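Have a look at the structure below, then the notes.
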Amino acid sequence: MNQPNKVQEYEKVVDLLEHFLKKYQNLGRNAIETSIVSLLKNNISGLFFVGFYEVIDENYLEVGPYQSTILATPRIEKGKGQCGQCWAEGKVQIQEDVKVCQNYIACDNETQSEIVIPVIKNGVVQSVLDIDSEHLSRFDEVDSKYLQRIVEYLI
Ligand code: SME
């Protein structure tokens, strides 16, 4: 996908989200996460899975709102897979080819590439946004920049 189209898609999502959050103020975390998932899955091209994983205790993430045709792995240990690694490091993870990734938890046979964004409040990871694509090398710095901006609406 060319970069101008990608930027255009994310700008649309940011506009829709801002408009939505202005209209419905003081929404809870679950409502905002669910709305972000829906906006991304339905407006950004080439996404197979979009979902949040929530930190539920010191050791585990548990699946939160998501959209896909698969059943997501429900719990992920800290440090395990790209989601657990994102939580442990507090840093964006981009895998251009999940088949060669040593620390990857497969939930399906379609996913080729993945990006995971940490949601950090007061220096603590609250949840992670996990996005999978059926295309190789689907994610880059543009996705990272916009997705970090989008999850800031949760903070
Ligand atoms: N691939 C993720 C697991 C979650 S599923 O993709 C929905 C990981 O490696 O943590």
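We use all heavy atoms of the structure for the numbers below, so side chains are in, but hydrogens, waters and symmetry mates are not. Read the numbers this way: they start at 1 and go in the same order the structure lists the ligands and their atoms. What you are looking at is a predicted structure, and each value in this text was computed from that prediction instead of being measured.
For atom 10 (O) of ligand 1, the closest heavy atom belonging to the protein is Cys83 N, 2.9 Å. The nearest protein atom to atom 8 (C) of ligand 1, hydrogens excluded, is given as Gln82 N, 3.3 Å; this is a heavy-atom distance. What sits closest to atom 5 (S) of ligand 1 on the protein, heavy atoms only, is Cys107 SG, 2.8 Å. Residue, atom and distance of the protein heavy atom nearest to atom 3 (C) of ligand 1 are Ile105 O, 3.4 Å. At the top of the distance list for atom 6 (O) of ligand 1, counting protein heavy atoms only, stands Asp132 OD2, 2.9 Å.
Checked by distance only, ligand 1 and Glu114 come closer than 3.5 Å through their nitrogen or oxygen atoms. Among the atoms of Lys80, none of the N or O lies under 3.5 angstrom from an N or O of ligand 1.
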Verify salt bridge (charged side-chain N to carboxylate O under 4.0 Å, His left out) between Arg29 and Glu33, making sure each step is shown before the conclusion. CA-CA 6 Å; Arg29 182 176 193 84; Glu33 286 186 346; 3.4 Å; yes
Go through it in stages, so that I can follow the logic: the residues are Phe52 and Thr34, the test is side-chain contact (heavy atoms from CB on, under 4.5 Å), and I'd like the CA-CA distance, side-chain angles, deciding distance and then a yes or no. CA-CA 9 Å; Phe52 282 92; Thr34 304; over 6 Å; no
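The existence of a salt bridge linking Lys145 and Glu141 is excluded, since no basic side-chain nitrogen approaches an acidic carboxylate oxygen closer than 4.0 Å. The pair Arg138-Glu96 does not meet the salt-bridge criterion, since no charged nitrogen lies less than 4.0 angstrom from a carboxylate oxygen.
Within the 4.0 Å heavy-atom shell around ligand 1 one finds Asp130.
Contacts with ligand 1 closer than 4.0 Å are made by no heavy atom of Tyr66, backbone or side chain.
At most 12 non-hydrogen atoms from other residues, nucleotides or ligands lie less than 6.0 angstrom from CD of Gln102. Atom CD1 of Ile155 has more than 12 heavy atoms from other residues, nucleotides or ligands within 6.0 Å.
In the model, Tyr66 has no side-chain atom that pairs as donor or acceptor with a side-chain atom of Asp130 under 3.5 Å.
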